[in-house]
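Structure record follows, encoded as structure tokens.
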Amino acid sequence: MIKRIPELIILISICIIVYLITYNTNSRQVVLSAHLIYQSIIVALLFLESRYQSKAFVPFLLLPPTIYSLFILLKIGLGGLLTFFEIGNWQYYQFNPETFTTSGFISVLSVIFIFIGYNAFSFRLIKTKARTVKLPSKRRAYILSVVPILSVIYGLSTGSYGFLGDASSEGSFIQIIKTGSELGSFIIIYLVYYFYDRPIEKKIVYIFLAFFFILGLAYGHKSTAVIVVFNFLIVLYFKERKVDKYVSLILIGAIFLAYVIIQPLRIYAESSATLKGTSLSISDLYNVFNEAINTNSSYSTDESSFIFTSFMVRNNYMEPLCMAIENKESSFTETHVKGGWGHIALSPIYAVVPRFIWKNKPMADIGRNFSYEIYGSSFLNSIGFTPQGYFYLLNGFFGVVFGFLLIGSFMRVITWFLVERLREPIIYLYLLVEFSNPSDLIWSYFSGIMQSIIFLLVVMFFMYKRGGRLLKQK
């Protein structure tokens, strides 16, 4: 960390100087130049950090701050260019140089200080001796795989699974369905990590992968389709430090395909209330998708434009971030954001105390309120405005700096706990995408990660044969 200090001071100074120069400008050219400089600073920081982390046990590309930085380059960097050039249907945000520049500034600050927080706890790299966990059981993995399969089948049969499903139809059981489907992704990681080098298990992994991906496509559930592919790529790269280029192209194409197929289905379903909670066959869903494509002329007239915009519209967070900054003094901030530090302090308690005991435990519905109060959209819709937006509404620039020091430190502690202390990277790999992409409601992010770790520790205890062990005491 000490060796990085001069470089970090230079990068932070450049950010501040660029922001002070461009803050009051009305020149679009100057604003665009500032935006490109901010993204270049993120790339430079990633290059500098990769040198220090090159010999770490966890590959640099699989460190949480690294993945967060890549998300920022996509959601704010590329998303900002789309917003700036008005590519896509940006019907709510009217370009404002002040909020646009501020959004880019706090985003690059978030990247710098998340790395500072991550590296603050230790001056050494994450190193651990190679160790084989005793007696992993593929039989128990197969037994446990019955849970996600049955939960998804039940959810489909009752019309409560996926985007077209109606969660209210099953009440609290919807959480069991959701947990069951997520467990399928965890089992894929477990099988790939321990048994992927065996031909039979490799085929079983491919079957699981195809099963959950197709279900996600068919029922408009993008996270189900995409996360299993992401996790598969992550665990392969973690084990071998590389992924076959043909496998990579196929899987990345599958992720892109998921966005292309699901996006028009979601839009069409939003305007067709009769579809909600309807139990549809695969052939019915195929007909619905065709009707969705034909109904929206913007999809049928220019296929190449649709493929690009349908992917980016779900990943552009520059617009909601700018709108959050514009509404810093609004009633939304007073009602739903102020007091956030107290909720963050209580997040460990939120993680372990269930709602049926704590009746007044706060709801994680800030995205719905943001959609309804700021966008004027439906309360049923949820729009994220990024963690840097949340911290900025809390305490301005100080909130962003302190908040991302906190998130970076949290990432470091959890990485140490799972990888160095428990010597169990499977849980780390499963949580990595969610772990590296904090939601705007920070206390929910903290408590959600803690809940997942507790649940997965229980699952991993089941996955070992008698005589195996999860912990290795020093």
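Note that the structure is predicted; figures quoted are calculated from it, not measured. Both backbone and side-chain heavy atoms feed into the values below; hydrogens, waters and symmetry mates do not.
In plain terms, the two heavy atoms of P438 and I407 that are nearest each other are CG-CG2, 4.1 Å. Summarising the geometry of F385 relative to L321, their closest heavy-atom pair is O-CD1, 3.8 Å, with the distance given to 0.1 Å.
Annotation: the span from M460 atom CE to I427 atom CD1 amounts to 6.0 Å, rounded to 0.5 Å. Put simply, CD1 on I188 and CG on L209 are 5.0 Å apart, with the number rounded to the nearest 0.5 Å. If you take CD on E319 and OH on Y375, they are separated by 3.5 Å, rounding to the nearest 0.5 Å. Note: D197 CG to K239 NZ = 5.5 Å, rounded to the nearest 0.5 Å.
Although no hydrogens or angles enter the test, the distance criterion places no donor-acceptor pair under 3.5 Å between the side chain of S436 and the main chain of V433. When atom types are taken as modelled, the side chain of R140 and the backbone of F462 share a donor-acceptor pair closer than 3.5 angstrom. Side-chain atoms of S69 never come within 3.5 Å of backbone atoms of V111 as a donor-acceptor pair (strictly under, hydrogens ignored). When atom types are taken as modelled, the side chain of Y237 and the backbone of L61 share no donor-acceptor pair closer than 3.5 angstrom. In this structure, the side chain of K361 engages the main chain of Y350 through a donor-acceptor pair within 3.5 Å. At least one donor-acceptor pair under 3.5 Å links the side chain of S409 to the backbone N or O of L405. A donor-acceptor pair under 3.5 Å is formed between the side chain of Y445 and the backbone N or O of F435. In this structure a side-chain-to-backbone donor-acceptor pair under 3.5 Å is missing from E201 to Y196. A donor-acceptor distance shorter than 3.5 angstrom exists from the side chain of R355 to the backbone of P362, with no hydrogens or angles considered.
By the 6.0 Å contact criterion, CD1 on I357 is enclosed, its count of non-hydrogen atoms from other residues, nucleotides or ligands being greater than 12.
Seen from the ring of F370, R368 does not count as a face-on cation partner, given the 6.0 Å and 45° thresholds.
Donor-acceptor pairing under 3.5 Å is lacking for the side chains of S452 and Y430.
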